[in-house]
Amino acid sequence: MIFAMTPASRPRALMAGLAAVSLLLASCGGSDETVTRDKITTTTATDTTTSMATTSTEAPVEAEPLRILVSNDDGYEAEGIDALVEGLITLEGVEVTVVAPLTQQSGTGGKTSDGELETAEVELDSGYSAVAVTGFPADTIGVAIDEMGIEPDLVITGINEGQNIGPVIDYSGTVGAARAAVKRGVPALATSQGTADVVDYQSAVPFILEWVTEHRSALQDGSAPVVVLNLNVPTCSTGDLGALVIVRPDVDGDLAASLGEQDCTVDTTDRTFGDDVTAFLAGHPTLSLLSLEPAQK
């Protein structure tokens, strides 16, 4: 069942969107852009279904928590990462670990540092414990998994200040960190909130929680495809959010257009969208499957 925090004003088409993502992921079995969790290879699971039947007569074992590693590119003091973590910890049975850059690292893509990186124990604005890394967003994933020994079921990056759509995607540290996770065999969800005078991070939180809730079983049993998904939610100064749409990332599109303002007052009734930039600027949250490597290295 979809998580009950959904605002009443949000379009009911979200459920259909989540189902579409599941079909999209299930269809990507032949992609060379995905890896399996147990061993980094060039193939992914083609069957993400799990059996609910059991014949065991043993006493029930307490369920393991869903382990989520959170990072970003705006730095650990950013408002967006705090909003993300505060949302995630409202879910039952989750274990959230935060390893994020010490300072603002926007626009650094998938860059990594040479040599040893310094870390420090810090707190988010809400007081939640975190580890800050003196490096790039992709470095934080390496530190967390390779050095700290964290074994997440899922990596979520963000919530970024400003949309990461179209050609902006490959410059995004938020996406760069998500790609670093997938290269280590962990599914990743990059999340971003649309640019505005006042960035409404709370608009993205319910979408993230619903996605996690919808996919947590597959994430925990290892059947979820190990891919990079990119969620962008507009900030609506006026008007209302449209329905979540599953679209291709227009990485070869117009850079200036992808940085444009969102117009949530546009009537998109009976309209279909072929790319993330067009849909997002018309007030629709977008979810896209990304390649493992940037279009231009």
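Values in this document were obtained by computation on a predicted structure and should not be read as measured data.
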Using modelled atom types and a 3.5 Å cut-off, is there a donor and acceptor pairing between side-chain atoms of [X] and backbone atoms of [Y]?
X	Y	answer
Arg67	Glu151	yes
Thr134	Glu118	yes
Asp74	Asn160	no
Asn232	Asn164	yes
Thr191	Thr157	yes
Asp73	Thr174	yes
Thr268	Arg271	no

Go through the steps for Glu293 and Lys183 under the test salt bridge (charged side-chain N to carboxylate O under 4.0 Å, His left out), then give the verdict. CA-CA 10 Å; Glu293 298 291 346; Lys183 290 177 181 179; 3.2 Å; yes
Verify side-chain hydrogen bond (donor to acceptor under 3.5 Å, both in side chains) between Ser126 and Asp82, making sure each step is shown before the conclusion. CA-CA 7 Å; Ser126 63; Asp82 198 44; 2.6 Å; yes
At what distance, to the nearest 0.5 angstrom, does NE2 of His215 lie from CG of Leu189?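 The NE2 atom of His215 sits 9.5 Å away from the CG atom of Leu189.
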Please assess Glu95 against Thr97 for the test side-chain hydrogen bond (donor to acceptor under 3.5 Å, both in side chains), listing each intermediate value before the final yes or no. CA-CA 7 Å; Glu95 180 181 288; Thr97 304; 4.8 Å; no
Let me have the donor-acceptor pairs involving side chains of residues 194-201, under 3.5 Å, with sequence neighbours excluded, atom names and distances please.
residue, atom, partner, partner atom, Å
Thr195, OG1, Gln163, OE1, 3.3
Asp200, OD2, Ser203, OG, 2.4

Distance-minimising heavy-atom pair for [X] and [Y]:
X	Y	value
Ser192	Gly162	CB-O, 3.4 Å
Asp276	Asp250	OD1-N, 3.0 Å
Thr112	Phe136	C-CD1, 3.7 Å
Phe280	Pro234	CE1-N, 3.4 Å
Ser71	Val99	OG-O, 2.9 Å

Salt bridge or not between Asp146 and Arg184? Use side-chain N to carboxylate O under 4.0 Å.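 Salt bridge present between Asp146 and Arg184.
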Side chain to side chain contact (heavy atoms under 4.5 Å, CB included) partner of Asn72, the single match among Ser106, Pro101, Pro137: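 That would be Pro101.
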